[in-house]
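In each ligand, atom 1 is the first atom listed, and ligand 1 is the first ligand listed. The shown structure was predicted, so the numbers you read here are calculated from the model rather than taken from an experiment.
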Amino acid sequence: MFLGGFIFCCLFVISIAQDETNNKLFPEHFLFGAATASYQIEGAWDEDGKGENIWDRYTHTHPELIANNDTGDVACDSYHKYKEDVAMLKELGVDYYRFSLSWSRILPTGFVNKINLPGVTYYKNLIKELKDNGIEPLITLYHWDLPQPLQDLGGWTSEFVVEAFAEYARLSFELFGDDVKYWLTFNEPKQTCLDGYGQGSTAPGIASPGLGEYICAHHVLKAHARAWHIYDQEFRTTQNGQVSITIDTMWCEPATDSEEDVAAAEKALQFTYGWYANAIYNSDYPEIMKTRIAERSLAEGFNQSRLPSFTDEEISYISGTFDYMGINMYTSILVEAVDEVPVGEPNYNYDMGIKSSQSDDWESCSIYWLKITPWGIRKLLNWLKETYNNPAIIITENGVTDDGSTLEDEQRVRFYRDYLSNVRSAMEDGVNVIGYTAWSLMDNLEWRQGYTQKFGLFHVDFDDINRTRTPKISVAYYKKVVETHCLVDTCEE
Ligand code: GBE
């Protein structure tokens, strides 16, 4: 009662300052959801037969690399508390829940030789609980937690992993697919490859700049395509679902309207988003990547490009492997043209060859890289429509973090309102957006930032053994939006 009155009062205050907000209703069939990922919430890292994954290994062997030496050992304890999670989703009224499967919980060795039944049961129970509450699952197969035994064989830089992933995908479709309409193969492969195998700044921590990230990406793209074709050939007619991948990018805004900066911004989009998207939604790697990396590689003394090439057969096998387009978007950068970095050490950033920054005028939150740029999502959506032939788009992540000091997260309310307002405007521009997913359902392990950054609609008390979940004020706003399909007090058709 007290909380209800409190939330009502704050919504009233919020409703005053929304003159600029788009007041068109979202279409009736537009889908709203909320998201999490296995390593960030599940905990139970070695319980009931789960195998070790690269994030278990990374946090346990390099505690100094994670804020407060945090780990995902317990996290939100969702392995035991999934019913509470579903109750929160029910409270929000969302159409779907995006979560990921922990590969190691289902296949402790990474391979299909040994299926861990308690892991399978966990996901079956979660899916049943969702369906019983009228919530559709949207499942990500790979949100960064590779089984450690596969990493011991080279992980995403080894070719064998393509088939290992394909078999894991097939098993997942077999086990869960009767109840799943939406699948994602990979979450943000750029982070997997660039951070994990190029720069070495996250698990598995392999630093092989200018090489590792390209080899990794090559295998990820092949693995994605294998999984899509397996679904298409073996499951589509009986299960009738949709399979895609979600790739993240910041919107790249030219720093000035000079021809050079405009070209540099386009180049940045191609090197970040196009690196993965072009092969799937168009065909092959972007021309500008092929040309630049080949030139620099030869000048560096390599006999071939550091960017691996696809055969014609592979190009057509990968092209078109999507049923919708997934995107994760949080922020924007300003992009400037720069003089070519002299040839020397291989490096992805030199290959891209731009300068990026963020404006001091853009509103900050508690994490350094996320500046609040709602207009950027409208520009990005229009760019995606133009560049990839107007696909149906599900925004699979968008959200903002706080430092945990208050449940009155007015900045998050404004964030969702303003980004969604720009999504709605992009739809008026003709972009075919069919769904929107808030990151995140609840505070969770923010990778190297540990539990210091809190992206949740629901607050989680990590000092409490019960991991008590409490709604922030943004829950009331998002709930209203999901229910009414309207961002303001009253909407027009
Ligand atoms: C997503 O990652 C993840 O899918 C999700 O797991 C995560 O919790 C959520 O977003 C919130 O972060 O100058 O190289 O240091 C780094 C977002 C910017 C991935 C861009 C920050 C990609 C993390 C800038 N990265 N972003 S810099």
Flag [X] as yes when one of its N or O atoms lies below 3.5 Å from any N or O atom of ligand 1, and as no otherwise.
| X | result |
| --- | --- |
| Y330 | yes |
| D248 | no |
| H143 | yes |
| E446 | yes |
| N187 | yes |

Checklist entry - For ligand 1, which atoms, with element, lie under 4.0 Å from some heavy atom of F455? => result 11 (C), 12 (O)
Next on the checklist: Could you check, using the six-membered ring where one of them is a Trp, whether W183 and Y324 have ring centers closer than 6.0 angstrom?
Outcome noted: no
Checklist entry - Less than 6.0 Å separating the ring centroids of F186 and F165? => result yes
Does [atom1] belonging to [X] count more than 12 external heavy atoms closer than 6.0 Å?
| X | atom1 | answer |
| --- | --- | --- |
| F26 | CZ | yes |
| D360 | CG | no |
| K290 | NZ | yes |
| E340 | CD | yes |
| D464 | CG | yes |

Closest protein heavy atom (residue, atom, distance) for [atom]:
| atom | result |
| --- | --- |
| atom 19 (C) of ligand 1 | E188 OE1, 3.2 Å |
| atom 16 (C) of ligand 1 | Y368 OH, 4.0 Å |
| atom 25 (N) of ligand 1 | W369 CD2, 4.3 Å |
| atom 3 (C) of ligand 1 | E397 OE1, 3.4 Å |
| atom 22 (C) of ligand 1 | Q191 NE2, 3.4 Å |

Next on the checklist: I'd like to check atom 14 (O) of ligand 1 in this structure: does the protein have a heavy atom lying under 4.0 Å from it?
Outcome noted: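 Protein heavy atom within 4.0 Å of atom 14 (O) of ligand 1: absent.
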Checklist entry - Do R105's NZ or CZ and the ring of Y79 fall within the cation-pi criteria of under 6.0 Å and 45°? => result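 So R105 does make the cation-pi contact.
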Checklist entry - Backbone, side chain, both or neither: what part of K190 comes under 4.0 angstrom of ligand 1, heavy atoms only? => result neither
Checklist entry - Salt bridge or not for K379 and E253, using N-O below 4.0 Å? => result yes
